[in-house]
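Note sheet for the following structure.
The model shown is predicted, which means the values in this text are computed figures rather than measured ones.
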Amino acid sequence: MGPKALAQVLRRVNFPADPEKLLIGLDKADDAAVYSLTDEIALIQTLDFFTPVVDDPYLFGQIAAANALSDVYAMGGQPILAMNIVGFPSCLEEEILSRILQGGADKVKEAGANLCGGHTVVDEEPKYGLSVTGTVHPDNLLSNSGIKEGDLILLTKPLGTGVMISALKAGFTSSDQSNPAVKSMLTLNNKALNYFDQYQINACTDVTGFGLIGHLLEMSENSSLEIEIDAQEIPIFEGVRDFAESGLLPAGAYKNRDNYEEFVSESGKRDQTLYDLMYDPQTSGGLLISVAEADAADLLIDLYAEGMDVAVIAKANRGEKGVKIEWE
Ligand code: CO
Ligand code: CO
């Protein structure tokens with residue numbers, strides 16, 4: 001379902017009981033809901049699940065969990081509790097389910113959170129994910145809005161998982177950890193957070209289903225700032241460009257393009273493949289971190305030192321809400 005249609009449906013059912021305490025609700029299409037418990041603690045609540053993206057049930061479990069946990073990190077928080085959400089066909093072996101759950105449990109443990117139950121239903125297709133509860137000090141709470149003029153925007157993982165998943169499903173490439181996109185999808189987005197209190201971070205979100213452009217547009221929403229992408233800096237997983245050129249772009253990429261293209265302007269000669277990849281829906285994608293220009297280089301160096309494949313991909317300029325792609 002597209003973001004516009006979804007927003008319309010949600011508008012009809014959204015009625016928070018105590019809106020003063022709801023620091024972040026449905027209104028800003030953010031990664032998670034945030035509720036103020038005390039002056040020092042806010043609760044973060046999120047939920048994500050999907051059908052298998054790789055054949056290996058243990059890797060799938062890890063990827064689904066890393067993806068769900070990411071929305072807590074995107075708010076600047078730490079996950080504390082997680083619960084499984086499972087759909088599983090009665091015709092499949094139980095061993096497969098136990099491998100999926102083990103993958104999820106191992107990822108939750110790595111995140112330092114507690115897996116404490118869940119719910120399973122019989123379903124035609126396996127589905128797995130987590131509902132995650134986290135906490136954050138309200139002063140450290142980040143949302144997808146809040147970018148400031150002059151901010152530089154870092155992306156902490158390359159793009160192309162949507163195309164890569166299409167290639168995996170078609171059997172064109174290996175779906176184990178030797179595939180850099182698979183390895184990336186099961187990597188937690190927690191490391192960058194260790195550095196946030198040292199720098200002026202103004203906004204954060206993660207790149208998932210709406211693709212790079214869709215999530216950058218969310219960041220420029222409610223601001224009078226235009227996000228200018230430096231196309232030459234966009235990192236792409238190895239092999240993805242060739243797969244995209246041979247037509248393995250997932251349907252979601254076209255849907256995203258239809259939904260967002262009207263807010264995109266360009267300067268210079270378009271690289272059509274890279275342009276398409278900017279709409280590629282991501283699974284367990286990287287964080288987009290909007291940091292004050294003066295701090296960007298230091299943050300970048302810190303994240304490099306952590307071994308992260310991170311790049312400064314955009315800048316927030318005064319202008320109209322939207323995204324501009326600078327091709328040269
Ligand atoms: Co998110
Ligand atoms: Co999400």
*Roughly how far apart are D55 CG and S174 OG, rounded to 0.5 Å?*
11.0 Å
*Examine the side chains of D31 and T205 and answer whether a donor and an acceptor come within less than 3.5 Å of each other.*
yes
*asked:* Any donor-acceptor pair under 3.5 Å linking the side-chain atoms of N202 with those of Q200?
replied: yes
*asked:* Can you confirm whether the side chains of D302 and Y199 place a donor and an acceptor under 3.5 Å from each other?
replied: yes
*Using 30° and 60° as the class limits, which term best fits the ring planes of F60 and Y128: parallel, tilted or perpendicular?*
perpendicular
*Under the side chain to side chain donor-acceptor pair (under 3.5 Å) rule, what do D280 and Q282 come out as? Steps first, then yes or no, please.*
CA-CA 6 Å; D280 184 41; Q282 301 299 284; 2.8 Å; yes
*Would you check if L274 and W327 make a side-chain contact, meaning some heavy-atom pair closer than 4.5 Å?*
yes
*asked:* I'd like to know if the side chain of H215 and the backbone of F210 have a donor-acceptor N/O pair within less than 3.5 Å.
replied: yes
*asked:* Between K324 and E226, does any side-chain N to carboxylate O distance fall below 4.0 Å?
replied: no
*Taking only Lys NZ, Arg NE, NH1 and NH2, and the carboxylate oxygens of Asp or Glu, determine whether K157 and D206 approach each other closer than 4.0 Å.*
no
*asked:* Ignoring hydrogens and geometry beyond distance, is a side-chain donor-acceptor pair present between Y279 and E261 at under 3.5 Å?
replied: no
_Cation-pi check for F263 against K321: NZ or CZ below 6.0 Å from the six-membered ring centre and within 45 degrees of the axis, yes or no?_
yes
*asked:* Is it the case that the side chains of N189 and S70 hold a donor-acceptor pair, with the cut-off being a distance below 3.5 Å and no angle test?
replied: yes
